[in-house]
Amino acid sequence: MKRLLIIGFTLSFLFAEHKHWSSRSAYVLPEKRIEIGLFQPLRMGVSGRKEWAIHPVYFFVMPNVSLKKSLPAKYGFAVASRHSIIYPTPLLNILARKGTGGLISSEFTFPAMGLFNNEILLTRKLKAFNITMKAGFVIGISPEPLAKESTLDLPIVYHRLAPLYNGWGLRTGIDLGGRLANRIQFLADLDLHITPKQMDLFAIEHKGMLIWEKSERLRISLGYKLVYGKYPFGTAIHLLPYLPMLETWAPFVDMEWAWDR
Amino acid sequence: MNIKKQLSFQVFILGFILILGCDPIVETYNESESAIYYSATEIIEAENPPENKIKVMTWNIRFACGRIPFFGDACGDRVILTEEEVLANLDSVASRISQETPDIILLQEVDRSSKRTGYLDQIQYLLDHTYFNYGAYATIWKAQFIPSDGLGRMDMGNVILSKWPLENAERIKLPLREDQPGIVQYFYLRRSILKVQVKIPGQDNFYAVNIHATAFATDDTKQKHVDTYLETLQALADEGAVFVTGGDLNSLPPGADSTDFCMEDFCDGDSYHTINADPLHKDGSYFENFENEPSILQPLYDLYHPAISLTRYLDSESGFFTHAPSTSDRNNTYYDRKLDYLFTNIDNGWVVESEKTHQDFKFISDHMAVSAVLELP
């Protein structure tokens with residue numbers, strides 16, 4: 001156990017945060033700063049106390065918006081609340097089709113429904129790293145009960161959609177970051193998704209990233225995600241991204257750009 | 001522990017954790033592998049076979065789908081069955097098996113962790129809802145996720161259930177179809193033969209062999225499957241083993257009066273047998289895709305003893321039909337061809353007139369079971 005803790009601590013050093021770049025912390029982007037990534041949302045700092053974000057890639061098939069709002073600091077912690085709304089219906093109905101690419105059976109049609117995510121973030125800067133703790137809940141609202149057979153039983157996706165079937169879910173997690181060198185940072189997080197009530201589900205997700213900050217305008221990251229969770233077929237562990245046919249894991253690569261309005 | 005050793009240990013532990021997560025999306029196999037063993041929750045000690053005779057059955061149970069219009073083989077829209085549907089169909093399967101009381105049963109298309117059947121382990125369910133004690137399983141289709149038609153996770157295969165203990169259970173790989181694009185082939189079925197030694201009291205070297213050959217290949221894959229099957233049986237015979245074998249061969253008996261069921265099986269909007277039709281024939285409904293396909297099973301009839309002789313079959317074909325897809329429901333036709341067989345290498349092993357084609361099972365699966373009584377040496 002002690003050794004595993006050492007590993008965790010070692011990994012935790014992987015995450016740090018440049019003062020200009022957004023992160024999963026309680027800090028919000030400076031006013032007028034805008035960031036976007038290949039797989040990251042478009043984020044925009046407003047008035048130094050608010051940060052709006054949307055995922056533009058998904059927006060037209062899964063409208064979404066998120067607001068992070070800075071709150072007064074407490075006990076040495078920066079504090080923020082984050083609220084998001086996701087409307088997954090169009091995307092799910094696109095995926096529910098016949099033939100190749102049909103991830104959900106075309107037997108199912110999804111009604112207009114939404115996910116409402118609310119969480120509190122607490123961040124503290126320690127000597128060598130930042131630590132962010134977060135906790136919140138998700139409300140899933142659907143006008144009619146969804147067929148339990150219509151779930152998309154894939155890592156990451158399944159547990160995020162579970163509140164639509166269950167009505168609600170809980171989220172908590174911790175992010176740790178640190179700077180390895182002038183332009184190199186590491187980031188590690190551990191998130192717990194719980195969907196209680198009739199579904200009795202959980203997922204533990206861990207992400208590790210190495211980030212190279214070329215400048216205040218461009219950064220490139222690569223990393224992995226490890227997901228251990230309970231699904232309708234039992235528990236499973238997945239290391240992502242995983243390449244079918246090549247049967248191998250490969251690191252994900254992301255690029256982010258930033259500019260000021 | 002110095003820093004270097006500590007780091008090495010951490011890397012080892014982390015690597016081990018990561019490897020755990022590296023299950024392939026699609027399971028691939030060696031030529032021969034151990035099959036998976038099962039046992040009933042409650043073991044009922046089996047008696048010696050009375051008069052040295054055992055009853056054997058083969059049945060493709062269509063993953064407890066009954067006659068539901070499944071998308072893949074019945075022109076239907078259904079992909080994911082409800083728990084109630086699966087349990088009702090599986091109870092019907094268990095009930096019919098318990099009525100017929102075979103000592104050994106060869107099952108095809110049995111799901112054990114598939115999205116389409118609610119991830120129910122049908123092998124364990126059948127063991128716990130019949131009198132069988134032991135089972136062996138060899139997958140023919142296993143994938144963490146199939147990104148087509150909403151199929152999702154899949155684990156389907158061949159099963160042998162027995163009253164007596166099973167040993168040396170082996171999964172023998174059958175060649176893949178070669179008439180498909182690579183990405184389709186990757187996610188498609190990887191068929192197999194299941195071979196297992198059955199420890200029947202008084203029998204030192206008795207085997208059961210179960211096959212489910214390709215249904216939809218339009219090239220000579222079926223010939224390769226039958227060739228591998230014959231090699232497997234020959235190897236057993238060469239070892240001095242006695243065996244009962246069978247399954248869903250997806251082939252017609254030599255001399256069958258029709259080899260073309262395209263017009264019986266078509267879906268609404270399909271067009272076959274016309275100049276512009278592409279394909280010209282419906283996959284799985286046409287049995288002359290390559291030279292000699294109509295007589296592909298002749299070597300089996302020549303080398304081994306069928307539960308239903310060819311002469312008997314040809315005298316009255318319709319009484320021995322075992323299959324018609326659910327598309328034929330519209331004509332109230334539930335069986336119009338024979339695809340399911342039992343053979344043995346025991347001379348005069350089949351008890352005369354013990355064989356039965358269970359056409360009364362027509363609503364439980366799109367295949368009818370075949371059973372017969374075998375007198376052991």
Side-chain angles (χ1 to χ4, degrees), chain A residues 1-11 14 92 95-108 147-155 157-158 188 204-206 208 224-229 231-251, chain B residues 1 3 5-7 9-28 69-72 76-86 112-121 143-155 181-187:
Chain A
M1 176 56 81
K2 187 181 172 186
R3 284 172 174 163
L4 286 174
L5 286 174
I6 292 169
I7 293 167
F9 184 77
T10 307
L11 283 174
L14 303 185
L92 291 175
L95 297 176
R97 65 189 182 96
K98 295 178 181 176
T100 305
L103 304 189
I104 300 170
S105 169
S106 61
E107 296 162 273
F108 305 110
K148 65 179 182 181
E149 295 85 7
S150 67
T151 53
L152 190 47
D153 306 338
L154 288 171
V157 179
Y158 178 69
I204 300 168
E205 297 180 0
H206 160 66
Y224 64 90
K225 186 139 189 157
L226 196 60
V227 182
Y228 173 66
Y231 302 84
F233 53 82
T235 55
I237 185 167
H238 293 94
L239 176 64
L240 304 169
Y242 192 85
L243 304 179
M245 300 189 85
L246 296 177
E247 300 301 350
T248 183
W249 167 80
Chain B
M1 188 183 288
I3 294 288
K5 279 187 177 173
Q6 192 169 319
L7 274 174
F9 179 77
Q10 290 170 17
V11 168
F12 171 78
I13 293 291
L14 184 62
F16 180 71
I17 291 169
L18 299 187
I19 287 165
L20 280 180
C22 288
D23 285 343
I25 290 176
V26 169
E27 203 80 35
T28 56
F70 191 67
F71 87 100
D77 290 326
R78 297 296 309 280
V79 178
I80 309 295
L81 309 184
T82 66
E83 185 179 1
E84 292 74 25
E85 288 171 331
V86 175
R112 72 177 198 143
S113 183
S114 300
K115 170 81 176 170
R116 64 183 181 182
T117 45
Y119 301 112
L120 180 70
D121 188 336
Q144 286 197 43
F145 197 85
I146 298 172
S148 180
D149 297 285
L151 276 170
R153 194 178 184 89
M154 180 67 70
D155 191 350
I183 187 73
V184 177
Q185 186 193 56
Y186 174 72
F187 284 106

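What you see is a predicted model; the values in this text were computed from it and never measured. Protein chains get the first letters and strands the later ones, always in sequence-line order, with residue 1 at the start of each.
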Would you say [X] and [Y] make side-chain contact, with heavy atoms under 4.5 Å?
| X | Y | answer |
| --- | --- | --- |
| B:Phe71 | A:Ser105 | no |
| A:Lys98 | B:Asp77 | yes |
| B:Asp155 | A:Phe233 | no |

Would you compute the distance between atom OG1 of A:Thr100 and atom CD1 of B:Ile183 and round it to the nearest 0.5 angstrom?
9.0 Å
Minimum heavy-atom separation for [X] and [Y], please, with both atom names.
| X | Y | result |
| --- | --- | --- |
| A:Glu149 | B:Ile80 | CB-CG2, 3.4 Å |
| B:Tyr119 | A:Pro232 | CE1-CB, 3.5 Å |
| B:Pro24 | A:Tyr242 | CA-OH, 3.4 Å |

Check for a donor-acceptor pair, side chain of A:Glu107 on one end and backbone N or O of B:Val79 on the other, with a separation under 3.5 Å.
yes
Main chain of A:Asp153, side chain of B:Lys115: is a donor-acceptor contact present, judged purely on distance under 3.5 Å?
no
Residue [X] versus chain B: region with a heavy atom under 4.5 Å:
| X | answer |
| --- | --- |
| A:Phe108 | side chain |
| A:Leu154 | side chain |
| A:Ile104 | backbone |

Sort B:Thr28 into side chain, backbone, both or neither according to what part of it lies under 4.5 angstrom from a heavy atom of chain A.
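Contact with chain A is absent: no heavy atom of B:Thr28 under 4.5 Å.
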Side chain, backbone, both or neither: which part of B:Arg116 has a heavy atom under 4.5 Å from chain A?
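Looking at B:Arg116, nothing touches chain A.
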Near B:Glu27 CD, under 6.0 Å, is it more than 12 heavy atoms from other residues, nucleotides or ligands?
yes
